[in-house]
2 protein chains.
Amino acid sequence: MADETIDADADVVAGDEAPSARVPLDRERIIKAAIEHIDKAGLATLTMRRLGASLGVEAMSLYRYVPGREDLLDAVVDHIINEMYNDDDVIDSPQDGWQDFLQRLAHGVRRVALAHPPAFPLVASRPPEAPWLRPPLRNLHWVESFLAGLVDEGFSNDAAVAAYRGFTSFLLGHLLLEVSTHGADVGPLDVIDDGSKEPISLGRYPHVSEMKGALSEDHAAAEFEESLENLLDRLALLKVEDSR
Amino acid sequence: MADETIDADADVVAGDEAPSARVPLDRERIIKAAIEHIDKAGLATLTMRRLGASLGVEAMSLYRYVPGREDLLDAVVDHIINEMYNDDDVIDSPQDGWQDFLQRLAHGVRRVALAHPPAFPLVASRPPEAPWLRPPLRNLHWVESFLAGLVDEGFSNDAAVAAYRGFTSFLLGHLLLEVSTHGADVGPLDVIDDGSKEPISLGRYPHVSEMKGALSEDHAAAEFEESLENLLDRLALLKVEDSR
DNA sequence: ACCTGAACACCGTTCAAGT
DNA sequence: ACCTGAACACCGTTCAAGT
C-alpha cells in the first residue's frame, strides 16, 4: 500500500526534488511568496516574473490563480491582516471589558506590522474599498468585531463609530511611523549604501542638530502604550458623553 | 528698441506658440508637471515618457534635470511640503503662544494634504532619510521651526522632541485617512467604474451593516480639530511634567 | 547648450500551443 | 488540468548623435 516506493527513474542528482511534476501551485502559496519577497527585498523589486521564478514557474502561470499584479497586492494586504486570526492574544469579543479588548486588538495589529515592516505601508495606504474599511483594519471581520464588541459593552452606535475612527487613525499614525523607522519600503532597489548620499548638513538647523541624539532614539513601544492609554481614556469619555 | 517686432517667419497657424525654440525646460517645471499629473491621473500612470510628452519633450530630456524617476518623486514630496512657505497663516515662530503656533502648522499641513489628495500618500510613506525627518513634516526647515518654537516657549529639549513625535504621528494618521477617503491613489489606472466590483455583501456583518450610514459620514474636519485640541492638551502636560 | 533616435534590459499581460 | 513560448505594448535609462 505504500505509494512511497523508490523512484524507478534513476536520476542520480543528490537532493533531486519530486520526480518532475511539482506541487501544482496555488493562490495561497503565491501570496505567501509575494509577502516573503516584499519583506526581504521590497515592493519595488516584486515583479510577476521574479515571483514566478521564486516558485519555479514562469510568470504566466501566476495568472491562473491571480487576476493581476494589483489584485495580488490586495490579496497580500488581506493575508497580512488575517494573520491576526492566529494570534491567541487577540480575541473576537470583549471578555474583560472593552478596554482590554481594544488593547489586545491594537497590540495584535502592531505585532503584524512589526512582523512585516516593508509590507505594512501597503496595508496602510492602498485605497480603501469602502469608508467602513479604514486602514489599517482593512477587513470586515475585524471591523464587525470592533463595533459589536463596543456596542455589547454599552457604547451607542454613534460612539462606537467615533471610537472606530479614533482607533484606526491612532494605529495608522503610530504604526506607519514606527515601521518606516525600521527601514520600510526598502526603496527602489536593494541599494548598496556606498555612502554617496552624504549625511545632510545640519549647519543651518541648530536645534535639530542639538537634539539629533534624542530624535534618533527609539521609544516607539513606550509611545505606543502611552498614546493607546490616552486614546482609551478619550473613548471612555466619548462613551458616557454620548449616552448622556 | 522694441524687441517685440512682428515675426519675420510667416507661419500662419493661428495660436502658434513661440517660433520653434520652446522655453528651455527646467527642474521646477518638471516637478510641477509631475504633481499636476499625479493629482489628475494618479501616481501609477506617471511615467517619464508621459511626463515628457506633457512638457512637449521626449522622456530622455528629463534626465538633464532630474537623476531619475525615484529622485523626481522625492523632489515632488519636497515641493509639496514647501508649499507651506506661501501660506500666510503658517508662521515660522510662535507669536501668540506655542499652541497657536502648532495649530497654524497643523492646519497648514492639512491644507497642503487636501490640495493634493492623490499625491499626499507619497509625502506620508516615502522612507524618511533620517529619524529626525518624520513624515509628513519631511523638511528640515519645518522641523527646526518646530523645535526652536517650542524651546523658545519654555519646552525642555526632551519635551520638544516628544512633542514632535506626537505631532507627526497625529498628522500622519489623520491626514492619510482623510485623504484616502477623498479617493487618493487613483488606483492602478484611471479605472472607469463599470460596476463590475459588486458592493461587498454585508450579510454576515450585521453591525457594520447597521452603522454603514454613520461610518460613511465625513466628519474629518471636526475630528481633526478635536484630536488636535486633545494633542495640545497632552503636550501642555508634557511641558510641565518634564520641567518638574 | 539642449534635445533626440536608437538601443538595452526589463516590465505586465494575452493567448494559442504544448504536455 | 496545468504550464509555457512567443508576442505585444509598454517601461526606465544610457549614450552617441544631431541642431
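Naming convention: chains lettered A, B, ... in sequence-line order (proteins, then strands); numbering from 1 in each chain.
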Q: List in chain and number order the residues that pass ring-ring contact (aromatic ring centres under 6.0 Å, His included) with F170(B), two or more places apart in sequence or in another chain; answer none if no residue qualifies.
A: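 In terms of ring-ring contact (aromatic ring centres under 6.0 Å, His included), with neighbours along the sequence ignored, F170(B) is linked to H174(B), F224(B).
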Q: Side-chain donor-acceptor pairs under 3.5 Å in residues 59-69 of chain B, sequence neighbours left out?
A:
from, atom 1, to, atom 2, distance (Å)
S61(B), OG, E58(B), O, 3.2
Y65(B), OH, P24(B), O, 3.1
R69(B), NE, L46(B), O, 3.2
R69(B), NH2, L43(B), O, 3.4
R69(B), NH2, L46(B), O, 2.9

Q: Taking the minimum atom-to-atom distance to the side chain of P24(A), which one of dG5(D), dC2(D), dC2(C) wins?
A: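 Looking only at heavy atoms from C-beta outward on P24(A), the closest nucleotide is dC2(D).
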Q: According to side-chain hydrogen bond (donor to acceptor under 3.5 Å, both in side chains), who are the partners of D92(B), at least two apart in sequence or on a separate chain?
A: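 Checked D92(B) against side-chain hydrogen bond (donor to acceptor under 3.5 Å, both in side chains); matches are H141(B), S145(B).
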Q: Could you check how far CZ of R27(B) sits from C1' of dC2(C), rounded to whole Å?
A: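 Nearest whole value for this atom pair: 17 Å.
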Q: Residues in side-chain contact (heavy atoms from CB on, under 4.5 Å) with N86(B), at least two apart?
A: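 Scan of N86(B) (side-chain contact (heavy atoms from CB on, under 4.5 Å), adjacent residues dropped) gives none.
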Q: E28(B): what forms a side-chain contact (heavy atoms from CB on, under 4.5 Å) with it, not counting sequence neighbours?
A: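 Per chain and number, E28(B) pairs via side-chain contact (heavy atoms from CB on, under 4.5 Å) with D26(B), K32(B), H79(B).
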Q: If only side-chain N and O atoms of S61(A) are considered, is one of them under 4.0 Å from the OP1 or OP2 phosphate oxygen of dT4(D)?
A: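 Indeed, a polar side-chain atom of S61(A) lies that close.
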Q: Tell me which pairs pass side-chain hydrogen bond (donor to acceptor under 3.5 Å, both in side chains) where either residue lies in residues 205-217 of chain B, with sequence neighbours left out.
A: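 Every side-chain hydrogen bond (donor to acceptor under 3.5 Å, both in side chains) pair that includes a residue of residues 205-217 of chain B, provided the two are not neighbours, is E144(A)-H207(B), N157(A)-E210(B), E217(B)-H219(B).
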Q: With sequence neighbours excluded, give me every salt bridge (charged side-chain N to carboxylate O under 4.0 Å, His left out) pair touching residues 77-87 of chain A.
A: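 Sorted result for residues 77-87 of chain A: D87(A)-R111(A).
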Q: For the pair made of CG in L55(B) and P in dC3(C), what is the distance, rounded to whole Å?
A: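 So the CG-P distance, L55(B) to dC3(C), works out to 10 Å.
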Q: Whether Y65(A) contacts dA1(D) is assessed here as follows: a side-chain N or O lying under 4.0 Å from the phosphate OP1 or OP2. Is that the case?
A: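 Negative; the distance criterion is not met.
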Q: For DNA chain D, produce a single dot-bracket line, 5' to 3'. Pairs: Watson-Crick or G-U wobble, both distances under 3.5 Å. Symbols: ( ) within strand, [ ] crossing, | other strand, . unpaired.
A: ||.|||||...|||||.||
Q: Whether the side chain of Y164(A) engages the backbone of L215(B) through a donor-acceptor N/O pair (distance < 3.5 Å, no angle test) should be reported.
A: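 Flag not set: sc Y164(A) to bb L215(B) has no pair under 3.5 Å.
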Q: Would you mind reading off the distance between E58(A) atom CD and dT4(D) atom C1', rounded to a whole angstrom?
A: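 In whole Å, dT4(D) C1' and E58(A) CD are 6 Å from each other.
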Q: At under 4.0 Å between heavy atoms, how does the protein contact nucleotides 11-17 of chain D? Give one character per nucleotide, 5' to 3', with B, S or -.
A: BBBB---
